[in-house]
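Read the structure below first, then the notes.
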Amino acid sequence: MTETTASRQILTPKRVEMLREYVPFIAIALVILMFWAISGDRFMSMRNWTFIAQQTPVLMLLAFAQLMVVTTGSIDISIGSSLAFSAFLGALGMLWFGDAGLILGVFAGGLVGMVNGLIISLLKIPSFVTTLAMLIIVRAVVIIVSDGTAIYITDGSVSGGTNISSVTAPWLLSMGKFPAIFIIAAIVALLTWIFYEKTVFGQQLRAVGGNEKVLRLVGINVTTFKIKVFAAAGLMVGLAACVNLARAGAATPQAGLMIELDAIAAVALGGTPLTGGYGSVVKTIIGAFTLTIVRNGLTIAGVPPSWSQVALGVLLIAAIAISLNRSKVDVVK
Amino acid sequence: MNDQAVQPLLSVENVSKSFGGVQALRDGTFELHRGEVLAIVGSNGAGKSTLIKVVAGAHVPDGGRIVINGKEVPRAEHSVSHMQECGIEVVYQDLALVPNMTAPYNLFLGRIPRKLGIFVDERKMREKTREVLAQLNVTTVQDLSQPISSMSGGQQQSIAIGRAIAWGSDIVILDEPTAALGPNETAEVERLVEDVRERHGTSFILISHNLDQVRRLADRIVVTHHGVTSREFRRDEITSDRLVKAITLGE
Ligand SMILES: Nc1ncnc2c1ncn2[C@@H]1O[C@H](COP(=O)(O)OP(=O)(O)O)[C@@H](O)[C@H]1O
Ligand SMILES: [Mg+2]
C-alpha cells in the first residue's frame, strides 16, 4: 500500500512526460551497456567503434531525409531505390565529367524527391502509395540503366579490365573511411540541426504536420511547400548516396535494398511520431546509432542474422510503445 | 462629409458560392460600419462559415460583389493575402491555430519574421507576443515555448484573437469564438472584444449560436437561413423570440 503510493508520487504525469523525452538516450545507453556486458572488449574496442562510426553515417543521412518528410505527416519509402539511382548517377557523372560529376548523384536524389512531391501534391495521391510506386519504378530504372552491372571506384593500384566500368578516385575512397566519413556526417548533422530547428522552413515542417488546413486558410501555399520538402529530402538522399558510394567503393544496382525501412526505424527510435508535427534531429541521430549498434552488437554476440532482425523489430515496438505520448495522437491507424 | 460617414467599411452584395452540387451560400448580403459589431446568426449549415470564408478571401465567390472602403475587390485579386492587406483578419471556427506550435508562432501565423532571409526571428516573435498579450490583459499565458495544445481553451482563443488584432486590422471576423468555452472563458473573450473595439475602433463580425451573447455584443444582427441572409435586426428591436423565429423559419 505504502509502496504503491510512493511509486505513484514518483511517477507523476509530468515526470513520465519528461522521462519519455529521454527514452532514446536511455535506450542507447542500455543497449551499449548490454552488449558491453555480453561481449566485453570485442564490442567495446576502438576497432569496433570505428566500424560503427563508419557504418552509421549513410543511415543517419537517410534518417534525416525521412525525418523532414515524417514531420510534415507524410512518409517516403522510395529512398532505398533513390539511393541506388543517385549513387549510380554520381558514378556515371564521374565517368563523364570527372570528379565534379559526383554532384550529379545529389541532384538525382533531388529529382526523385521532386517527382514524389509533384505526384503527391498535384495528383493528390497519398505519400505512402506514391513513394511505394516510386520505390518499384526507380529500382527498375536503375537495373535497366546499369544493365545489371556495377560501376567501381578504384584507387588506381589495380587497372580494371576494359569490360568493367570503373572510375579512379582515391580521394573518394578515403572520404568513405573513418575519420573523414564521420567528420562529413557530423557537419551534415550540424547543418541539418540548424535547418530543422532555426529556419522558417524547418518550423513550417512541424506546422504542416500539425494542421495544414490552418496554414492554407491563412494563405500559405502548402502545395508548393510539400514539393519543396520532398525535393529537399531527395537532395539529402542524394548526398547519402554519394557517401555510400565512397564507403562501398561501388555503385551497384542492389544498393540500399530495404534501407528505407531502417531509415523509418531510426526516425521512430528517435521518438518522432510518424503522425507528424513533432521531431528532433538529435534524437534521430541517436536512433540511427542505436540501430547500427544493435545490429553490430548482435553480430558480435554471435546471434544469427535472421534472429537479430527479430530482435530489432522487438526493440522498435518496445521503444515506440514507451516513448509514444498517446495524448498527442488522437487516432491510431 | 455626410456621405463619407455613411459609406460602409465593408459591403457584401449578393455573394454566392457552391461546392460541387451543394449551394452553401445563395445570397449573402450585409454591410459593416466602422467600429460596429455585426452578428451573423443562423442554424448549422446555413452558410455562415462559407460567407465569412468568402469575405476572408479563402473562397472565391461564384457571384456577387465585395466592396471595401468603396473599392470593389476584383475577382482576380480575391485572395487571403489581398483581404489581409485590406485589413480583414479571421479567427476560424476549429481552424484558428496550429495546435503543436507555440503561442508566438500562432500569433505570427502566415507572417513569420525572418533574419538573414531564412532564419526565424524568435526574439522579435517573443517580444511582440508579450506586447500583444499585455495589450489584451491576458496574464495567464506565461510559458511561450509550450505548444498551445497544452493551454486552456480560453487561453487559446485569446491567442487566436490576439493574432487577428495584432496587425492593426480594421475588421476582425470571429467564427463561433466561444462555442467550445466554459462560462468564465466566454466572459473573458467577450471582454476582449468590447475592449478592442473601444480602444482601437475595430469592427467585428461575430458568428455565434449564443443569442444572449449576440444581444450583449452586437449593434446589428443578420440572420442567415438556407444560404440567404434573410433578415436584419437593430440592437433595440431584438427580442429572443423574434430571433429564434427568424433563425428557424427564415422570417
Ligand atoms: N468546403 C466545402 N465543401 C463542400 N461542402 C461544403 C464546404 N463548406 C461548407 N459546405 C457545405 O455548405 C453548407 C454550409 O456550410 P457552412 O457555411 O459551414 O454552414 P454554417 O457555418 O452556417 O454551419 C453545408 O451544407 C456544408 O456541408
Ligand atoms: Mg460554421
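Letters go in sequence order (proteins before strands), and every chain restarts at 1.
- Of the two parts of Glu89(B), neither the backbone nor the side chain holds a non-hydrogen atom closer than 4.5 Å to a non-hydrogen atom of chain A.
- How far CG of Leu116(B) is from NZ of Lys198(A): 13.5 Å, rounded to the nearest 0.5 Å.
- Counting only distance, with no hydrogens or angles, the side chain of Asn100(B) and the backbone of Arg206(A) share a donor-acceptor pair below 3.5 Å.
- For Val80(B), the part lying under 4.5 angstrom from a heavy atom of chain A is the side chain only.
- Ser81(B) contributes atom OG, which lies 11.5 Å from atom CD1 of Ile220(A) (distance to the nearest 0.5 angstrom).
- The CZ atom of Phe195(A) lies 10.5 Å from the CZ atom of Phe119(B); values are rounded to the nearest 0.5 Å.
- The environment of CZ in Arg123(B) is sparse: at most 12 heavy-atom neighbours from other residues, nucleotides or ligands sit within 6.0 Å.
- Other residues, nucleotides and ligands contribute only 12 or fewer heavy atoms inside 6.0 Å of the CE atom of Met114(A).
- Counting heavy-atom neighbours within 6.0 Å of Phe107(A) CZ, excluding the residue itself, gives a total of 12 or less.
- We find the CD-CE distance between Gln204(A) and Met101(B) to be 8.5 Å, quoted to the nearest 0.5 Å.
- Interface summary for chain B: among Thr199(A), Ile194(A), Leu217(A), the most heavy-atom pairs under 4.5 angstrom belong to Leu217(A).
- Contact of Ala56(B) with chain A is not made at all, since no heavy-atom distance falls under 4.5 Å.
- Pairing each heavy atom of Glu122(B) with each of Glu197(A), the nearest pair is OE2-O, 4.2 Å.
- The number of heavy-atom neighbours closer than 6.0 Å to NZ of Lys128(B), taken from other residues, nucleotides and ligands shown, is above 12.
- Proximity to chain A is limited to the backbone of Leu97(B), based on heavy atoms less than 4.5 angstrom apart.
- Counted within 6.0 Å of OH on Tyr22(A), heavy atoms from surrounding residues, nucleotides or ligands total 12 or fewer; the atom is thus considered open.
- Evaluated for a side chain to side chain contact (heavy atoms under 4.5 Å, CB included) with Leu95(B), the options Asn211(A), Val218(A), Leu215(A) yield exactly one hit, Asn211(A).
- Two residues are said to be in side-chain contact when any heavy atoms from C-beta on lie closer than 4.5 Å; Val200(A) and Ile118(B) fail this criterion.
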